[in-house]
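Remember, predicted model here, so these are calculated numbers, not experimental data.
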Amino acid sequence: QVQLVESGGGLVQAGGSLRLSCACSGSIISINAMGWYRQAPGKQRELVARITSEGTTNYAEPVRGRFTISRDNAENTVSLQMNSLKPEDTAVYYCNAIVRTSYIGAYWGQGTQVTVSS
């Protein structure tokens with residue numbers, strides 16, 4: 001009943017920019033938080049950035065100052081503006097949302113590939 005759809009991934013040269021977007025739909029009462037995680041081959045999935053319904057943000061240190069997360073509560077969407085991309089940013093990026101329906105649960109998108117060439 002809850003679905004997250006991601007878009008915006010692709011191939012970019014180092015120093016370039018990409019903007020990821022994620023839309024949450026379904027039987028939603030409210031969304032407590034939305035965020036982005038990433039996973040590179042052979043590595044553990046890690047938090048990139050998240051934002052709560054109150055607007056509080058958290059960033060992983062490797063992306064702080066380069067990435068900006070934003071949220072449109074009315075549209076149930078979250079975006080990640082990624083600037084000054086580095087090859088180390090290459091990973092599959094997953095959208096995550098903590099959603100209240102008849103209960104509170106965590107949901108994940110299918111992931112979108114971001115590849116940064118050196």
Side-chain angles (χ1 to χ4, degrees):
Q1 293 183 342
V2 176
Q3 185 176 12
L4 277 65
V5 179
E6 301 141 328
S7 62
L11 174 65
V12 65
Q13 292 184 343
S17 298
L18 286 173
R19 185 176 180 88
L20 305 182
S21 296
C22 175
C24 183
S25 61
S27 302
I28 300 170
I29 297 175
S30 62
I31 301 178
N32 292 52
M34 301 186 75
W36 291 93
Y37 291 71
R38 67 186 182 186
Q39 187 168 22
K43 299 188 67 176
Q44 194 170 359
R45 185 176 299 186
E46 63 180 6
L47 171 71
V48 178
R50 68 188 296 272
I51 184 168
T52 69
S53 60
E54 297 83 11
T56 302
T57 58
N58 293 281
Y59 294 93
E61 284 301 319
V63 309
R64 191 181 302 275
R66 299 187 296 119
F67 293 7
T68 302
I69 190 168
S70 61
R71 177 175 176 175
D72 186 335
N73 291 335
E75 298 294 331
N76 294 329
T77 60
V78 64
S79 297
L80 185 69
Q81 179 66 44
M82 304 185 293
N83 297 327
S84 301
L85 283 162
K86 304 175 181 180
E88 302 84 73
D89 297 318
T90 296
V92 177
Y93 284 69
Y94 297 90
C95 182
N96 171 265
I98 308 301
V99 181
R100 182 187 179 192
T101 56
S102 58
Y103 57 93
I104 297 177
Y107 297 87
W108 293 90
Q110 291 184 321
T112 184
Q113 177 71 46
V114 172
T115 302
V116 184
S117 62
S118 60

Would you mind writing out the side-chain donor-acceptor pairs for residues 22-36 within the sub-3.5 Å range, not counting sequence neighbours?
none

Could you tabulate the donor-acceptor pairs under 3.5 Å formed by side-chain atoms of residues 106-118, not counting sequence neighbours?
unit_1 : atom_1 : unit_2 : atom_2 : d
Y107   : OH     : Y103   : OH     : 3.3
T112   : OG1    : G9     : N      : 3.4
Q113   : NE2    : A91    : O      : 3.4
Q113   : NE2    : T115   : OG1    : 3.3

With rounding to the nearest 0.5 angstrom, report the [atom1] to [atom2] distance, [X] to [Y].
X   : Y   : atom1 : atom2 : answer
T68 : N83 : OG1   : CG    : 6.5 Å
Q81 : L18 : CD    : CG    : 8.5 Å
L20 : F67 : CG    : CZ    : 8.0 Å
R64 : N58 : CZ    : CG    : 7.5 Å
I98 : T52 : CD1   : OG1   : 11.5 Å

Exercise for review: Please indicate whether Q39 has more than 12 foreign heavy atoms, meaning atoms of other residues, nucleotides or ligands, lying under 6.0 Å from its CD.
Suggested key: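 Atom CD in Q39 is crowded, with more than 12 foreign heavy atoms closer than 6.0 Å.
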
Is it possible for you to say whether [X] and [Y] belong to one hydrophobic cluster, with membership spreading through side-chain heavy-atom contacts below 4.5 Å?
X   : Y   : answer
L80 : V12 : yes
V92 : L47 : yes
Y37 : M82 : no

Point to revise | Beyond-backbone contact of S21 with T77, side-chain heavy atoms, under 4.5 angstrom | key: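 Not touching, per the 4.5 Å side-chain cut-off.
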
Review point. Applying salt bridge (charged side-chain N to carboxylate O under 4.0 Å, His left out), which residue pairs with at least one partner in residues 23-47 are found, sequence neighbours left out?
Key: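 Matches after skipping sequence neighbours: R38-E46, R38-D89.
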
Check your understanding: Is Y94 reaching over with its side chain to a backbone N or O of E6, donor-acceptor style, under 3.5 angstrom?
Key ->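 Side chain of Y94 to backbone of E6: no pair is present.
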
